[in-house]
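Indexing begins at 1, ligand by ligand and atom by atom, following the structure's order. Keep in mind that this is a model prediction, so the values were computed, not measured.
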Amino acid sequence: MEADGHQSHPRDKGQVARQGLQLLSLRRFLRTLQRPQRHTWRANRKKPPEALLSRPFQKPPTPWSPDGFYEEAEEPGSWMEQYTGEVYIQELASMLPVEVLKAFLPLHSVRILDLCSAPGSKASQLALELTGESVLMCNEAKTSRAQILRCNLLKTVVADRCLILQEDGRHLAAAGSACFDAILLDAPCSGEGNLRRIPEVIERIQAPNYGRIKAENASLQKQLLQSAWRMLRPGGFLVYSTCTLNLQENEEVLEHLPMAEAEFMDLPARLGFPSCSSLGLRLWPHHWDSEGFFVACIRKRGGGGQSVAAPTPRAPWPWSTLSWEEWNDLRAEATDDWPDLTPSEVSRVARYRGDLFLLPPLNALNGLDHLLPMTTPALRLAPLELRLHGARAAAGEDWVALAAQLGGGLGAYTAQMDALVQRGAHWQSAVQIFDRLGEERLKADLIACNTLMKAYSKGGAAGAARKLLKQMRSWIIAPDVTTYAAAMKAADAEELFQDLREDGLQPDVITYTVLMGAYAKRGRRAKAEAALRDMSRDALQPDVIAYTALLDLYAKLGDLEALRRLLATMAPNVVSFTVLLKALVKLQRLQEAQETLEEMQLKRMANLISYTSLLSAFAKKGQHPMTFVTFTAAIFAQL
Ligand SMILES: C[S@@+](CC[C@H](N)C(=O)[O-])C[C@H]1O[C@@H](n2cnc3c(N)ncnc32)[C@H](O)[C@@H]1O
């Protein structure tokens, strides 16, 4: 790593110490970087994820994440709750800036600017904290990211407090000075703190041009900071944060503030951290098992503690508000999606560029007049947005479709594909969604490809599965065992199993099971038995599905002895017993079949299928009516 990066170099121990990383901690730091990032998520208090909250999630031990949780078992990125707004997937460290602001400024009836806002983790977190007549103005320079931001605000149910700006934050101060009570500047940066999540960061840091990249970042950050400082009212608070650890993009940027005006807040004292001599707080990954992060909070001297509307001359409003009567007329014609508003809320309904919006509380907009014509209110009164903003019980799939339409990005499209696959839709409908990624200039990732592969596997689309594997290589997306497991179900399992090994991947239970299933289907007994042995050689414990593939094969071959032998070596379940039962019925060994059923009954494993398969066999043979009655009674008991 570079000497002026966040890691130690003998040449530059002084700098490391200045950043607060003692050499003794260096080993812990490096060891932590080698561990994958822990998944964390934040619950939405306005829309609590009840199904998830009933599970025993662990709370992070941090003093700044009241709504944060760890998830160890699975990848929360696939949770449907993410698309319904009940959950926001947010890294632990990234939850800190909002808590810092909360510690210094009561978030009641305030005007706040989030200068670099997309995708909206902090904006959605912050907006949930606002009370009274507050507004959050969210700025994002890139249009595509501004759409994702809007979608996130809508589904978090905070859009009615937010205005969206799509401007270069460096020049925004020209339209409004000293008008915000607080400004969040979560600046674009080199992202050194993301090393655990994005291992390629290390390559970037080691590249010869890294010094130049940091200098360019620092220049942009200083300009954004200056613009933010001008827009902050005296007495207001600026929270500066980055997810990088070097000095150049943090302390050295902050040193460009006019020091006579800037009062740096003592974050360690306020948040209960060990004290440090830095202008801000640097979160080292090994301290909280988080990503690396930097945050500082600066008060602009002067002014009282009070929120005061800046005395700017009033520009004409860009929107026209509606009267109660006009609203009622509209409401009468509209669909059920339209909200019931109180008279004070109706005063916030405005017509703007041909659409209707719900504005944030009007008093909060005082003093922001010159910025307002550049903004779009985040909550458009249209069925899509209203459903995304308000409904609690909409079907997950419905949400995902809405999110995708509103620019919810790759994740939303992937979840939409997944929902279709689970519902058993034709694989072509998943392809249609996948193709839209390209149309929207979104780059598919491994999860999106695996989801499409799942669709191919369910539909048995062998050619398409092979083509996708090839395409993934050209897109530089390395297939993993999940990709192969799905592809093997669709196409030639044996050949793809070889490819998997040649790709340097270790087969898992699922890929072995698919392979055994394919052998069993083709009656290739020796190959299927060899695959079972290979599984043990690879220290994998075959599961009941793998065993059942072989049991099926023995049943098909009529080799009852092999079937019984295998059954004795495994922990059979109802499916594996039923394989034996059906084999016995097929061979007309009804006495043994009946004994097997009794054994299943004793083990409480008999089900409707087991009874009916035997019943029909007896019926065909014209057996004793008592047996018939007993079985029929048992069947009804099962129903
Ligand atoms: C670190 S990310 C912000 C993350 C965001 N605060 C969150 O919590 O989700 C920085 C954002 O700043 C945007 N950006 C970059 N240059 C900008 C500029 N000059 N003005 C406004 N936004 C800018 C980037 O597109 C990016 O979305």
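At the top of the distance list for atom 12 (O) of ligand 1, counting protein heavy atoms only, stands Cys116 CB, 3.3 Å. Among protein heavy atoms, atom 24 (C) of ligand 1 sits closest to Glu140 OE2, 3.5 Å. Looking only at heavy atoms of the protein, atom 19 (N) of ligand 1 is closest to Asp168 OD1, 2.9 Å. Scanning the protein heavy atoms around atom 22 (N) of ligand 1, the nearest turns out to be Ala141 N, 3.4 Å. Among all protein heavy atoms, the one lying closest to atom 6 (N) of ligand 1 is Asp186 OD2, 2.7 Å. Of the protein's heavy atoms, Ala118 O, 3.9 Å lies nearest to atom 2 (S) of ligand 1. In terms of protein heavy-atom proximity, atom 20 (N) of ligand 1 is closest to Gly169 N, 2.8 Å. Closest to atom 15 (C) of ligand 1, if we only count protein heavy atoms, is Pro188 CG, 3.5 Å.
When heavy-atom distances to ligand 1 are checked against a 4.0 Å cut-off, Asn139 comes that close only through its side chain, counted from C-beta outward. By the criterion of a heavy-atom distance under 4.0 Å, the backbone of Ser117, and not its side chain, is placed next to ligand 1. Residue contacts with ligand 1 for Cys243 are absent, since no atom lies close enough (heavy atoms, distance under 4.0 Å). Under 4.0 angstrom from ligand 1, the non-hydrogen atoms of Arg145 all belong to its side chain.
Not less than 6.0 angstrom separates the ring centroid of Trp229 from the ring centroid of Tyr240.
Side chain to side chain, Gln221 and Thr242 fail the donor-acceptor criterion of an N or O pair below 3.5 Å. Using modelled atom types, one finds no donor on one side chain facing an acceptor on the other under 3.5 Å when comparing Asn139 with Ser117. Side-chain atoms of Thr414 and Thr451 form no donor-acceptor pair, as typed in the model, at a separation below 3.5 Å. No side-chain donor from either of Tyr352 and Thr376 sits under 3.5 Å from a side-chain acceptor of the other.
With respect to Arg161 and Glu129, no salt bridge is recorded, no charged nitrogen being found less than 4.0 Å from a carboxylate O.
Using a distance-only test at 3.5 Å, with no hydrogens or angles considered, a donor-acceptor pair links the side chain of Thr40 to the main chain of Leu92. Panel note: side chain Gln37, backbone Glu291; no donor-acceptor pair is recorded below 3.5 Å.
Annotation: Ser121 places an N or O atom under 3.5 Å from an N or O atom of ligand 1; distance criterion only.
Comparing heavy-atom distances from atom 8 (O) of ligand 1 across Lys122, Gln223, Glu167 singles out Lys122 as nearest.
Residue Ala182 comes nearest to Leu105 through the heavy atom pair CB-CD2, 3.6 Å, listed as atom of the first residue, atom of the second, then distance. The two atoms that bring Gly120 and Tyr88 nearest to each other are C-OH, 3.4 Å, heavy atoms only.
Ligand 1 places these atoms under 4.0 Å from at least one heavy atom of Gly120: 7 (C), 9 (O). Near Ala187, the atoms of ligand 1 lying under 4.0 angstrom from a non-hydrogen atom of the residue are 1 (C).
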